[in-house]
Amino acid sequence: MPAATNKADLRAVTEKEFSKLTKLLQGIDEALAHTLHDETTIKDVIGHRAHWTELFFGWYNDGQAGKPVYFPAEGYKWSELKRYNAELRQSQADLSWDDVQKMLQASYHKLIAFIDAHDDASLYGGPMKGANNHWTPGRWAEAAGPSHYRSATKYIRAVVKAHA
């Protein structure tokens, strides 16, 4: 699927992928949400997706403020994602299934508000400040939101199929 190149398409793909994910989540009970599959759980994946959307806002805001932008987070390199994600799962271990679903909803609404607050030029007119690459804020937002929703949906479908 090609990346969005304007505000309307970004909002549409964000709504579409989030809708697919939340519809699927309606059928996930607490037990299945905590069932280990491929070294993680549905609860872990949903908490991860909410967290990574929040990381995007940090990157964007730091870049706008002229502060250093740490990808993926301060003290980590992209090559250390496995360690970062393992530490994230550990830090979210005490969260309930309800907690992570609320986090996901909140991060989605924040992302929609971000999209709504920007125009095509600010989303797609040039690279995101501090990112040190050619990706626009809109492209980063898509990676943090709808792309993550899509991969979560794929993972959850695999878990449901494996435990059917």
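Here the structure is a predicted model, which means the values were calculated and not measured.
- No continuous path of ILVMFWY side-chain contacts below 4.5 Å connects Y70 to W140, so the two sit in separate hydrophobic clusters.
- At a threshold of 4.5 Å between side-chain heavy atoms, the hydrophobic network of Ile, Leu, Val, Met, Phe, Trp and Tyr places I46 and L36 in two separate groups.
- A 4.5 Å side-chain heavy-atom check between V45 and I42 finds every atom pair outside the cut-off.
- Looking at heavy atoms from C-beta onward, L25 lies in side-chain contact with L104 at the 4.5 angstrom threshold.
- Here the side chain of E80 pairs a donor or acceptor atom with the backbone of K77 at under 3.5 angstrom.
- A donor-acceptor pair under 3.5 Å links the side-chain atoms of K7 to the main chain of D116, judged by distance alone.
- In terms of modelled atom types and a separation under 3.5 Å, the side chain of N61 and the main chain of F57 share a donor-acceptor contact.
- Within a 6.0 Å radius of NE2 in H134, no more than 12 heavy atoms belonging to other residues, nucleotides or ligands are found.
- No donor-acceptor pair under 3.5 Å is formed between the side chain of H51 and the backbone N or O of G47.
- The side chain to side chain donor-acceptor pair (under 3.5 Å) check on D120 picks up nothing, with sequence neighbours excluded.
- Note: M103 CE to Q92 CD = 4.5 Å, rounded to the nearest 0.5 Å.
- In this structure, W59 and F71 have tilted ring planes: the angle between them lies in the 30° to 60° band.
- With hydrogens and angles disregarded, no donor-acceptor distance shorter than 3.5 Å links the side chain of T53 to the backbone of G145.
- Ring orientation note: the planes of W52 and H148 are tilted relative to one another, at an angle of 30° to 60°.
- We find the CG-CG distance between L88 and L55 to be 8.0 Å, quoted to the nearest 0.5 Å.
- In this structure, E142 CD and S147 OG are separated by 5.0 Å, a value rounded to the nearest 0.5 Å.
- Smallest separation of non-hydrogen atoms from L81 and P72: CD2-CG, 3.7 Å.
- Expressed to the nearest 0.5 Å, how far CD1 of I115 lies from OG of S122 amounts to 11.0 Å.
- Once rounded to the nearest 0.5 Å, the distance linking CG of D119 with OH of Y124 reads 12.0 Å.
- Counting heavy-atom neighbours within 6.0 Å of D94 CG, excluding the residue itself, gives a total of 12 or less.
- Remark: aromatic rings of H118 and Y60 are close, center separation under 6.0 Å.
- Here R49 contributes atom CZ and T153 contributes atom OG1; the two are 9.0 Å apart, rounded to the nearest 0.5 Å.
- When side chains are defined from C-beta on, N85 does not count as touching D44, because their heavy atoms never get closer than 4.5 Å.
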